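Since the structure comes first, as structure tokens, the remarks are kept for the end.
All residue numbers in this chain count up from 1 along the given sequence. This is a predicted model, so every value here is computed, not measured.
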Amino acid sequence: KEFLVEISGTTVTITCPITEDRIEWQLTGTRVSGKKQHVIDNHDSSPVNVSCSSGDKKHAMYLNARVCANCEELDTLAVTGIITADLLITFGVLILVYYFSKDRKGRASTGAGSRPRGQKMQRPPPVPNPDYEPIRKGQREVYAGLESRGF
């Protein structure tokens, strides 16, 4: 059998697997006599070695429970509902965006920056950079000093 640990806010309730009524609890060096359940009020989330014993039977565990004062407990149905609603809303928005963008794709825009589509105008060639002009027939002597050297 195993310990049963219940956490609610900052209260931790530990149930010992021993079936007898009178149980000796030991929490990190402190001995407490009690019943089958031991309640730790205002637990500070620090790790605790817990053991319960009765006669020759002894059970021990390491408790590392994180608690908070103003946490809300959610059951499985609430979490499932929240996730399902989020997915449905997300898919609904995606479908709306798809249908609205699908209708606009075929229309020509009539904004201020648009121009009518006609034949493509040919652009003139770019102005050449004077630093990188091609060698012309009469100018070969300028580049005559740049001969390749044999190695």
Side-chain angles (χ1 to χ4, degrees), residues 1-136 139 143 146 148:
K1 291 184 174 183
E2 296 178 348
F3 284 92
L4 176 66
V5 179
E6 298 173 8
I7 301 170
S8 178
T10 58
T11 304
V12 179
T13 305
I14 307 167
T15 305
C16 184
I18 298 174
T19 57
E20 298 176 19
D21 288 339
R22 199 79 183 140
I23 294 176
E24 179 104 7
W25 289 90
Q26 185 172 355
L27 285 91
T28 317
T30 307
R31 289 186 173 267
V32 179
S33 294
K35 297 193 175 193
K36 189 173 173 113
Q37 285 189 339
H38 182 70
V39 178
I40 304 172
D41 289 320
N42 298 322
H43 183 58
D44 59 354
S45 297
S46 61
V48 179
N49 288 317
V50 178
S51 65
C52 64
S53 59
S54 178
D56 60 344
K57 297 178 184 177
K58 183 174 182 179
H59 291 277
M61 78 167 183
Y62 178 75
L63 177 68
N64 190 8
R66 304 256 184 227
V67 297
C68 62
N70 50 359
C71 296
E72 290 292 328
E73 296 179 24
L74 294 176
D75 60 339
T76 308
L77 184 63
V79 172
T80 305
I82 291 169
I83 292 172
T84 304
D86 182 39
L87 289 174
L88 288 174
I89 291 169
T90 303
F91 285 130
V93 169
L94 284 174
I95 290 170
L96 286 172
V97 168
Y98 173 75
Y99 280 116
F100 280 116
S101 66
K102 184 178 169 184
D103 290 340
R104 290 186 179 203
K105 209 178 273 185
R107 298 181 194 157
S109 61
T110 58
S114 67
R115 22 175 227 237
R117 292 187 177 220
Q119 294 180 347
K120 288 188 177 179
M121 307 269 302
Q122 289 185 350
R123 283 188 248 152
V127 177
N129 188 342
D131 294 335
Y132 299 104
E133 287 186 18
I135 301 174
R136 296 191 183 118
Q139 296 178 343
Y143 302 103
L146 301 174
S148 62

### Query
Are any non-hydrogen side-chain atoms of Arg22 and Ser33 less than 4.5 angstrom apart?
yes
### Query
Is there a side-chain contact between Lys36 and Thr19, using heavy atoms and a 4.5 Å cut-off?
yes
### Message
Distance check, rounded to the nearest 0.5 Å: Phe91 atom CZ versus Asp86 atom CG?
### Response
10.0 Å
### Task
Starting at CG of Leu87, measure out to CD1 of Ile82 and round the result to the nearest 0.5 Å.
12.0 Å
### Query
If we only count heavy atoms from C-beta on, is the Val12 to Val48 side-chain gap below 4.5 Å?
no
### Message
So, taking the atom named OG1 in Thr10 and the one named CG in Asp44, what distance separates them when rounded to the nearest 0.5 Å?
### Response
10.0 Å
### Message
So which atom in Lys35 and which in Ile23 form the shortest heavy-atom distance, rounded to 0.1 Å?
### Response
O-CB, 3.8 Å
### Task
On the 0 to 90° scale, with breaks at 30° and 60°, tag the Phe3-Trp25 ring pair as parallel, tilted or perpendicular.
tilted
### Query
Taking side chain as C-beta onward, heavy atoms only, is Ser53 less than 4.5 Å from Gln26?
no
### Query
Given side chains that start at C-beta, do those of Pro17 and Cys52 come closer than 4.5 Å, heavy atoms only?
yes
### Smallest separation among heavy atoms of Pro47 and Asn64, with atom names
CG-OD1, 3.9 Å
### Query
Would you say the side chain of Ile7 lies within less than 4.5 Å of the side chain of His43, judging by non-hydrogen atoms?
no
### Query
Can you tell me how far the CD1 atom of Ile40 sits from the CG atom of Leu27, to the nearest 0.5 Å?
5.0 Å
### Task
For residues Met61 and Val5, determine if any side-chain heavy atom of one lies less than 4.5 Å from a side-chain heavy atom of the other.
yes
### Message
Between Thr13 (side chain only) and Val39 (backbone N and O only), is there a donor and an acceptor less than 3.5 Å apart?
### Response
no
### Message
How long is the straight-line distance from OG1 of Thr30 back to CG of Asn49, given to the nearest 0.5 Å?
### Response
11.5 Å
#### Entry: Heavy-atom donor-acceptor pair, Thr15 side chain to Gln37 backbone, under 3.5 Å
no
### Rounded distance (nearest 0.5 Å) linking atom SG of Cys16 with atom NE2 of His59
6.0 Å
